[in-house]
Amino acid sequence: MPALKKIALTITSAALLSGFVLSPAAAADKDTSDDKQPKPPSTMSSLGGEQLGKAGTQVNLGPGAPVLPKKLSGRSWIVADAESGDVLAAHNSHWRLPPASTLKMLFADTVLPALQPTTLAHKVTENELSGVGEGSSLVGIKEDHTYTVHDLWLGVFLRSGNDAVHVLSEMYGGVQKTVDAMQAHAEELQALDTVVVSPDGYDAPRQVSSAYDLTLIARSGLQKKDFREYAATASADFPGEKKKGKKRESFEISNTNRLITGDIGVDPYQGIAGVKNGYTTHAGNTFTGVAERNGKVLLVTVMNPSAEESHAVYKEAAHLLDWGFAASGKVTPVGQLVPPRSLDTGTGIGGKGATPAAGAVQGPGGKAEATHASASNGSSGVGTALAIIGGLLVVLAAAVFLVNRRWPMAGRTHRTETETDATETDATAAETKDAEDTGKAGKSAEDNGEAGKDAEDAGKDVEGDPEGAGATASAAPTDKS
C-alpha cells in the first residue's frame, strides 16, 4: 500500500476514533435536563437572610442530618418551622413566579375577617360572576341563588372556585378594592415579592409571588380559626340548583389538595392540616402545605416542578416534609420567616430587598383523618369538630412572632345537612417580564387542584381540579387551583 494511502487511512481512523471517544461526552452535555429550564434571576431579595437571596439550593447540614431528597424538580421551594420561623432549607425561595391559586391564601387572610358572621346570606347576581376568567375552576355558583358566606368559603378552599372568589370580592367592596387590600396586606406581612392583580390567582400580567412569600402568607392565615378549619376540610355538602316546587338539594365537593384527600399514586400525608394547591398553564403546579408530627409543625411550599410524573408537586412537598421532620435540630437555619411589619422590632433578620415588588400598590399522629362539613349549618365554622383544635395560637413575647406548638389534628365528623337559601429590587422588572412572557393572561387556568400535567392527563384544560370533582368551565385555558 503506498505510503500516502497509509497516512490517509491513519488520519481517517484517528478522526473516527476521536469521534467515538468524544461523542458520549457531547451527548451527555446535550442531555442535561436543566438546559431548557428557566434560570432564576441573578439578583433576588435576601429578606429573611443572605442565603435566601442566593440562587440554587441552600442548606446547612449538621452532624447526623439527612441529605435532601433527590430529584427535586421545583423551580422554587422552601421548608420552614412554622413555630420558630427557621427556614431549614430553600431553593430559589425569592424567585418571583406566578402563584396560581395559592394566592387564594392571601385572599382569604385578607377578606375572611371582614365578612362575618359566616352565616350571612347573599343572593348572587349575574354581574358578580361576569369577571370570572375563561377556563377558571368553579364550584358551581348560580346567579339568583342564595349562599351563605360559609358556603362561599368552602367553595374557595375546597374547589378553588373562582366564582366564589368573585362573589366574596363583590361582597367585600369590589374586585379592585379586594386586590388593593390584598396588596396592602402582603406588604404588612413583608411578602414583598408579591404583586396582586387578580384576587383568585388567575394568570395576569405582572402577577407574581414566591415560595418565601406564600409561606409567610400561609403562616399568617393559619393564625385564624376559620382559615384553619376551611383549609383542613376534606369534603363538604354544597348547595345545588334550586328548582321550583322542590327542596333545594346539595352535592358533595372534595378538597383538591391531594395530601389531604389522596389519589392514585399519592397517599394522604401523615399529619397534614392544609393549606392550598394551585395550577395554571403559566404557573404550573404550586402548593403550600402545613403538617404536624411529634409536636413539630412545618410549612412547605413547592412551585412549578418540572418532573413528568403525576402529582409531582405533592410528592416533592411530602419528601421535603419528611426530610424536614427528620432534619429538625440537625441543621443550621438558612434564614428566617420574618414577622409582619407591625411586629418587626427591626432587630434583624433582613437582608437586601426588603421593599415591595415593582407594580405593588403601596399600602398602609398516624394519617390525619379527613373531615367533612356541611354547607351553611349554624353559626360555628365549618363543622369539622374544631378541625385543628386550639392550633396556631399567636404568642407575642418580646415582639417575637411565634406559633403555638399545640396543633391537634381533627377527627372525622359530618354535620347535618341543611338547605342553604338564605398582592424590591432591580431584578423585579426582569422577573415580572419573564412572568408575562411565559404566558398570556386569562389563557391559563388557575386551579389549585392538582396539575398542569395531571390536568392534561385527565384531558381537562380548566382552572379547577384536574382530577375532576365539582363544576368547571368547559373547554377553556387551564387555571386549576
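The CD atom of E187 sits 7.0 Å away from the CG atom of L192 when rounded to the nearest 0.5 Å. The distance from the OG1 atom of T261 to the CG atom of D263 is 6.5 Å, given to the nearest 0.5 Å. If you take OG on S220 and CD on Q190, they are separated by 12.0 Å, rounding to the nearest 0.5 Å. Interatomic distance, T102 OG1 to I217 CD1, rounded to the nearest 0.5 Å: 8.0 Å. Note: M303 CE to L97 CG = 5.0 Å, rounded to the nearest 0.5 Å. Remark: T332 OG1 to D86 CG distance equals 10.0 Å, nearest 0.5 Å.
Under the 3.5 Å distance criterion, with hydrogens and angles disregarded, no donor-acceptor pair is assigned to the side chains of T256 and S160. If you check the side chains of N162 and S136, you find a donor sitting under 3.5 Å from an acceptor.
When side chains are defined from C-beta on, L72 counts as touching W77, because their heavy atoms get closer than 4.5 Å. With a 4.5 Å cut-off on side-chain heavy atoms, T286 and V313 do not count as touching. Taking 4.5 Å as the limit, some side-chain heavy atom of F227 sits within range of a side-chain heavy atom of L222.
Under the 30°/60° scheme for interplanar angles, the aromatic rings of Y230 and F157 are found to lie parallel. Between W153 and F107, the angle of the ring planes lies from 30° to 60°, which puts this pair in the tilted group.
Remark: side-chain polar atoms of S46 are not paired, donor with acceptor, to backbone N or O of G49 under 3.5 angstrom. Judged by distance alone, with hydrogens and angles left aside, the side-chain atoms of D193 form no donor-acceptor pair with the main-chain N or O of S209 at under 3.5 Å.
Residues A90 and V87 approach most closely at CB-CG1, 4.1 Å, considering heavy atoms.
Take D322 and apply the side chain to side chain contact (heavy atoms under 4.5 Å, CB included) test, not counting sequence neighbours, and it matches Y269, R293.
At a threshold of 4.0 Å, the pair K296-E292 does not count as salt-bridged, since none of the basic side-chain nitrogens sits closer than that to a carboxylate oxygen.
Remark: of the listed residues K104, K276, R228, K224, K224 is the sole one forming a salt bridge (charged side-chain N to carboxylate O under 4.0 Å, His left out) with D109.
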